Amino acid sequence: MDIKWTWGKKDACYEDALNIRKDVFIGEQGIDPKLELDGTDEDKMHYVGYVDGQPVTTARIDLLAGNRVKIQRVATVASARQHGYAGELIKSIIADGQRSEVAHIELDAQLTALPFYQELGFVPVGEPFEEAGIQHRTVEYRG
């Protein structure tokens, strides 16, 4: 898988990320477009994984104070699931963060995806909560 990233909304990589998010979160999960398209994409990094030139998985990165990052909007197109692409993308994001000496990596995982993130070295913290009508739990990367 070829992994690319971009900052903000300036190129085709962002458009690929946005299309995956629309398909998965709005189309499949029924999330309100106003919640998914929250107006903050300009201030975020967008990663996209490509297989044979086709965008298959994405994640959005929010840079937080204190040299911390929050991984958001992790999604994989339906036809590309169960191939390890999202895991490979998350590992690449973690590696990039470690090279940049990021102090802390977290994300809000949908409860159905919690085992996936735990396999990648994330540990649940806090209590479950609802976001966009879906149960989530914050997880922190501990390696």
Side-chain angles (χ1 to χ4, degrees), residues 1-98 100 102 104-143:
M1 183 171 69
D2 183 29
I3 297 174
K4 298 179 183 179
W5 66 269
T6 189
W7 183 264
K9 304 185 330 184
K10 61 185 173 186
D11 61 25
C13 182
Y14 168 73
E15 291 299 323
D16 291 339
L18 186 61
N19 287 332
I20 293 170
R21 287 169 44 197
K22 285 179 179 177
D23 287 349
V24 173
F25 296 124
I26 297 170
E28 291 179 33
Q29 295 185 350
I31 294 174
D32 183 336
K34 291 178 185 176
L35 294 175
E36 175 54 35
L37 309 175
D38 62 4
T40 67
D41 284 346
E42 187 66 43
D43 301 323
K44 309 279 193 296
M45 292 177 69
H46 306 274
Y47 278 75
V48 178
Y50 296 85
V51 174
D52 297 327
Q54 297 300 308
V56 297
T57 190
T58 189
R60 182 173 87 172
I61 309 303
D62 190 5
L63 304 177
L64 305 173
N67 201 24
R68 302 174 317 133
V69 299
K70 186 168 191 173
I71 301 171
Q72 305 172 321
R73 307 303 204 268
V74 178
T76 302
V77 297
S79 62
R81 293 183 190 143
Q82 306 302 317
H83 294 282
Y85 301 135
E88 188 175 337
L89 185 74
I90 296 295
K91 288 176 186 176
S92 178
I93 292 167
I94 291 167
D96 287 351
Q98 290 172 332
S100 300
V102 166
H104 178 85
I105 300 171
E106 69 180 58
L107 62 89
D108 293 336
Q110 293 184 7
L111 289 188
T112 56
L114 199 54
F116 165 75
Y117 291 111
Q118 288 174 304
E119 287 180 20
L120 292 171
F122 287 85
V123 175
V125 295
E127 297 299 319
F129 62 93
E130 185 177 306
E131 183 177 335
I134 300 170
Q135 288 292 306
H136 287 73
R137 189 154 181 204
T138 300
V139 295
E140 297 177 345
Y141 181 71
R142 304 255 176 98

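What you see below is based on every heavy atom in this structure, not just the backbone, and it leaves out hydrogens, waters and symmetry mates. Just so it is clear, the model here is predicted, and its values are computed rather than measured.
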**Student:** Measuring from atom CG of Leu120 to atom NZ of Lys91, what distance do you get when rounded to the nearest 0.5 angstrom?
**Tutor:** 6.0 Å

**Student:** Atom CH2 of Trp5 and atom CE of Met45: how far apart are they, to the nearest 0.5 Å?
**Tutor:** 4.0 Å

**Student:** Take atom CG of Asp52 as the centre, draw a 6.0 Å sphere, and report whether it contains more than 12 heavy atoms from other residues, nucleotides or ligands.
**Tutor:** no

**Student:** Calculate, to the nearest 0.5 Å, the distance between atoms CG and CG belonging to Asp43 and Leu63 respectively.
**Tutor:** 9.5 Å

**Student:** Does Gly126 offer a backbone N or O that forms a donor-acceptor pair with the side chain of Arg137 under 3.5 Å?
**Tutor:** yes

**Student:** Below 30° counts as parallel, above 60° as perpendicular, anything between as tilted: where do the rings of His46 and Tyr14 land?
**Tutor:** perpendicular

**Student:** Would Lys4 count as a cation-pi partner of Tyr50, with NZ or CZ less than 6.0 Å from the six-membered ring centre and within 45° of the ring normal?
**Tutor:** yes

**Student:** Check Pro128 against Leu111 and note the closest heavy-atom contact, atom names and distance.
**Tutor:** CB-CD1, 4.3 Å

**Student:** Check this for me: does any side-chain nitrogen of one of Glu28 and Arg81 sit under 4.0 Å from a carboxylate oxygen of the other?
**Tutor:** yes

**Student:** Measure the spacing between OG of Ser92 and OH of Tyr47 and express it to the nearest 0.5 Å.
**Tutor:** 5.5 Å

**Student:** Report yes or no: does Arg21 contribute a side-chain atom to a donor-acceptor pair with the main-chain N or O of Glu36 at less than 3.5 Å?
**Tutor:** yes

**Student:** Is there side-chain contact between Gln72 and Lys44, with at least one heavy-atom pair below 4.5 Å?
**Tutor:** yes

**Student:** Please check: side-chain N/O of Thr6 versus main-chain N/O of Asp11, any donor-acceptor pairing under 3.5 Å?
**Tutor:** no

**Student:** Can a donor-acceptor pair be found between the side chains of Glu131 and Gln110 at a distance below 3.5 Å?
**Tutor:** no

**Student:** Are the side chains of Asp41 and Arg73 in touch, meaning some heavy atoms are under 4.5 Å apart?
**Tutor:** no

**Student:** Which atom names give the shortest non-hydrogen contact between Thr58 and Ile20, and what distance separates them?
**Tutor:** CG2-CG2, 3.7 Å

**Student:** Report yes if some heavy atom in the side chain of Leu89 is under 4.5 Å from a heavy atom in the side chain of Ile3; otherwise report no.
**Tutor:** yes

**Student:** Taking all non-hydrogen atoms of both residues, which atom of Leu107 and which atom of Lys70 are closest, and how far apart?
**Tutor:** CA-CG, 4.3 Å

**Student:** When rounded to the nearest 0.5 angstrom, what is the spacing between CD1 in Ile61 and CH2 in Trp7?
**Tutor:** 10.0 Å

**Student:** Going by heavy atoms in the side chains, are Asp16 and Gln54 under 4.5 Å from each other?
**Tutor:** no

**Student:** Looking only at atom types and distance, does a side-chain atom of His104 sit under 3.5 Å from a main-chain N or O of Val102, one as donor and one as acceptor?
**Tutor:** no

**Student:** Between Arg142 and Glu140, is there a salt bridge with N-O shorter than 4.0 Å?
**Tutor:** yes

**Student:** Is any side-chain heavy atom of Thr138 less than 4.5 Å from a side-chain heavy atom of Pro124?
**Tutor:** no

**Student:** Within the structure provided, determine whether Leu114 and Phe122 are in side-chain contact (heavy-atom separation under 4.5 Å).
**Tutor:** no

